[in-house]
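See structure below.
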Amino acid sequence: MAGGKLSIWQILRRTVIALVVTLLVLVVLVIVINRFDEKLDPGAEAWLHPTLRTIPPETNGYYALLALSVEAPDAIKAGQAIDAEIAHEAGQHLAAPSNFDQIAARQGKLWQANLPSCKSDSKDCVADYYARESEFQAAIDAQKTALARYYAMVALPDYAGPYGRFSLMLSPASHLAQLARADAALRIKRGDTTAVAQLSQSLQFWTTVATHAQQLIEAMFAVGQIRQTNAVLASLLKLHPELKDAIRQGAKPALDTFTAIDVDKRLPELMHSELTYLSSAMEQPNVGNEAVPSGGLGNLLLVHNATINMLYHALSTKMTSEQVEAACNFGPRWVYNPAGRMILCIATPDYSRYGGRIQEVQKAARELSTQLQ
């Protein structure tokens, strides 16, 4: 260095040091900002303590649903054992247990075969069942034991399950519900009218699930089963008008119960559960105060009560996906609680989409109910 001038390398070094120091200061500043939490909104706090139904296990279809893939003499006890295993792994949190994937794989192992499914838009599955009778009958015969478990399950009168377990049941429940509809349609074609009662029981069971489910995906799956069972009953009524009295006697009470569900009341109940689950998934130990648990960088950038308040606002005001997307646009507000804002962006259900879907199925159920009068 001559005449006090800095060399190019010294200038570069000082520039890099200045940038690193500036970056570190910004990181520390962001972390400090995110050490301050909000008070929990009273409305959000009320949502975090939903009333859970308690019913006798022997009448609870949740345990039978959980054990659909299990060959056991007592499905209720088998389902209770699976539930206890999940609860043990999950501990005190509602989040998925560490061995959730293994349990799910075990539940789905019986359904890896390419089982037939209705290829229509579900408005005339009966015609599809009749046209592909041999294909569906072969699948029905291969799953007779599992179908017997399904029929025993839908005969149970009530349903109450905890949040976060339903995805374990999707595969067996979906396949067996489809096969049960095909089985009933083909038996009716052969003159076995007792199948109407089993279809009606299935409709009643899924109506009960839709009414009492804790999880949004659980309720919407049930609504999907109601839609398809309703469509099958409507097709059977058209093809076999002599079954009108049997369908009316068996199915109309379930149809009336389902169409009486108040969507504007039911969906907020499900949103309460969504908020409770998300709160637990964030591992917040002290809901209601400003305690922030220690942890890694994710926890440092996750402000718990602020996140719950954001989610509560999104759910209670019925924000659409477009509104959520607008709230997630990147900007200066991302400096505070960025991890919580990411949860808002990826975990907020579109209230309007689910409400419209339920009302669409209710309309079809009313149409069938009117035909049965």
In sequence, state the C-alpha distance, the side-chain angles, and the governing distance for Asp37 and Val303, and then conclude on side chain to side chain contact (heavy atoms under 4.5 Å, CB included). CA-CA 6 Å; Asp37 204 347; Val303 187; 2.9 Å; yes
Please work out whether the ring planes of Trp206 and Phe221 are parallel, tilted or perpendicular, with thresholds of 30° and 60°. perpendicular
Rounded to the nearest 0.5 Å, what separation is found between the CG atom of Leu48 and the CG atom of Leu275? 5.0 Å
Backbone of Ala365 reached by a side-chain donor or acceptor of Ser369 within 3.5 Å: no
Drop me the distance from Tyr129's OH to Gln137's CD, to the nearest 0.5 angstrom. 13.0 Å
Examine distances only and state if a side-chain atom of Arg149 and a backbone atom of Ala72 form a donor-acceptor pair shorter than 3.5 Å. no
Please confirm whether the backbone N or O of Leu372 pairs with a side-chain atom of Arg248, one donor and one acceptor, at under 3.5 Å? yes
How long is the gap from NZ on Lys318 to CG on Leu267, to the nearest 0.5 Å? 8.5 Å
Which heavy-atom pair separates His272 from Pro268 by the least distance, and what is that distance? CD2-O, 2.7 Å
Search all heavy atoms of Asn60 against all heavy atoms of Ala160 and return the closest pair with its distance. ND2-O, 2.8 Å
Within the side chain of Thr259, is there an N or O that forms a donor-acceptor pair under 3.5 Å with the backbone of Asp256? yes
Among Asn305, Thr307, Asn309, which residue meets the side chain to side chain donor-acceptor pair (under 3.5 Å) test with Glu38? Asn309
Any donor-acceptor N or O pair under 3.5 Å, side chains Gln249, Asp245: no
Closest heavy-atom contact between Gly43 and Tyr312? CA-OH, 3.4 Å
